[in-house]
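Have a look at the structure below, then the notes.
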Amino acid sequence: QVQLVESGGGLVQPGGSLRLSCAASGRTFNRYAMGWFRQAPGKEREFVAAISWSGSTTYYADSVKGRFTISRDNAKNTVYLQMNSLKPGATAAYYCAASLRSMATMSPADFGSWGQGTQVTVSS
């Protein structure tokens with residue numbers, strides 16, 4: 001089992017940027033893919049981005065392509081989500097997740113451990 005702690009959320013104006021971090025412990029971090037998901041009030045949890053164990057492969061939801069970047073630092077057991085050009089529709093709780101696989105996927109069923117979430121609010 002792996003423990004995940006997200007940070008970096010907050011209130012930002014439309015068009016602004018935020019960088020989320022997720023610190024992992026309890027399992028060999030560099031053997032597993034990692035992902036970010038989000039859930040807005042009254043909506044289902046949705047995939048945002050995923051990265052393979054080495055960082056060589058990434059996937060993004062269509063809604064964030066070109067604006068969000070997922071990355072990882074295996075030496076620091078940390079995965080990041082850089083979010084630029086934020087829109088009000090990005091308002092949600094953002095969750096970091098550790099995959100059961102080494103390769104990146106987009107299905108929540110492939111992720112076995114989840115953080116508590118960090119709130120991102122995009123509003124003027």
Side-chain angles (χ1 to χ4, degrees):
Q1 195 74 355
V2 62
Q3 290 74 48
L4 303 170
V5 179
E6 303 98 334
S7 61
L11 173 64
V12 62
Q13 293 187 341
S17 298
L18 278 177
R19 188 194 196 201
L20 305 183
S21 299
C22 173
S25 61
R27 193 176 73 178
T28 305
F29 179 77
N30 62 5
R31 293 184 181 178
Y32 299 93
M34 297 292 294
W36 286 96
F37 293 77
R38 66 186 180 187
Q39 187 168 18
K43 295 187 177 181
E44 296 287 321
R45 186 170 296 187
E46 65 173 358
F47 169 79
V48 176
I51 187 167
S52 63
W53 69 274
S54 65
S56 61
T57 303
T58 56
Y59 293 117
Y60 296 93
D62 289 342
S63 60
V64 307
K65 279 181 183 176
R67 299 184 298 113
F68 289 16
T69 302
I70 188 171
S71 62
R72 66 190 297 163
D73 185 338
N74 286 343
K76 295 182 178 180
N77 286 3
T78 302
V79 63
Y80 305 97
L81 184 68
Q82 177 67 44
M83 305 185 293
N84 298 329
S85 301
L86 282 162
K87 303 175 182 180
T91 296
Y94 283 71
Y95 298 89
C96 172
S99 178
L100 300 169
R101 306 171 183 272
S102 59
M103 300 308 295
T105 62
M106 297 182 283
S107 171
D110 288 332
F111 292 82
S113 298
W114 297 80
Q116 293 299 307
T118 184
Q119 179 66 35
V120 172
T121 302
V122 184
S123 176
S124 55

TODO: Give every residue pair that meets the side chain to side chain donor-acceptor pair (under 3.5 Å) criterion with at least one member in residues 4-24, sequence neighbours excluded.
DONE: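 Of all non-adjacent pairs touching residues 4-24, those that pass side chain to side chain donor-acceptor pair (under 3.5 Å) are S17-N84.
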
Open item on the list: Holding to salt bridge (charged side-chain N to carboxylate O under 4.0 Å, His left out), I want the full list of residues that pass it with D110, two or more places apart in sequence or in another chain.
Closed with: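 Residues passing salt bridge (charged side-chain N to carboxylate O under 4.0 Å, His left out) with D110: R101.
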
Open item on the list: Please check if the number of heavy atoms outside Q3 that lie under 6.0 Å from its CD is greater than 12.
Closed with: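 Atom CD in Q3 is packed in, count exceeds 12.
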
Open item on the list: Counting the benzene-type ring for Trp, do F47 and Y59 have ring centres under 6.0 Å apart?
Closed with: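 Between Y59 and F47, which both carry aromatic rings, the centre distance is not below 6.0 Å.
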
Do you know the tightest heavy-atom contact between [X] and [Y]?
X    : Y   : value
L18  : L86 : N-CD1, 3.9 Å
C96  : V79 : SG-CG1, 3.8 Å
Y60  : K65 : O-CE, 3.4 Å
Y32  : S99 : CD2-O, 3.5 Å
T118 : G9  : OG1-N, 3.2 Å

Under 3.5 Å, is there a donor-acceptor pair between the side chain of [X] and the main chain of [Y]?
X   : Y   : result
S56 : S54 : no
T58 : I51 : no
R72 : F29 : yes

Check whether any side-chain heavy atom of [X] lies under 4.5 Å from a side-chain heavy atom of [Y], and answer yes or no.
X    : Y    : result
R45  : W114 : yes
N77  : S25  : no
L81  : R38  : no
L4   : Y95  : no
T105 : F111 : yes

- [ ] Describe, in one word, how the ring planes of F68 and Y94 are oriented to each other, choosing from parallel (under 30°), tilted (30 to 60°) and perpendicular (over 60°).
- [x]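 Plane angle between 30° and 60°, so tilted.
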
Task: Residues that S85 engages under side-chain contact (heavy atoms from CB on, under 4.5 Å), provided they are two or more places apart - done: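 side-chain contact (heavy atoms from CB on, under 4.5 Å) check on S85 returns R67.
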
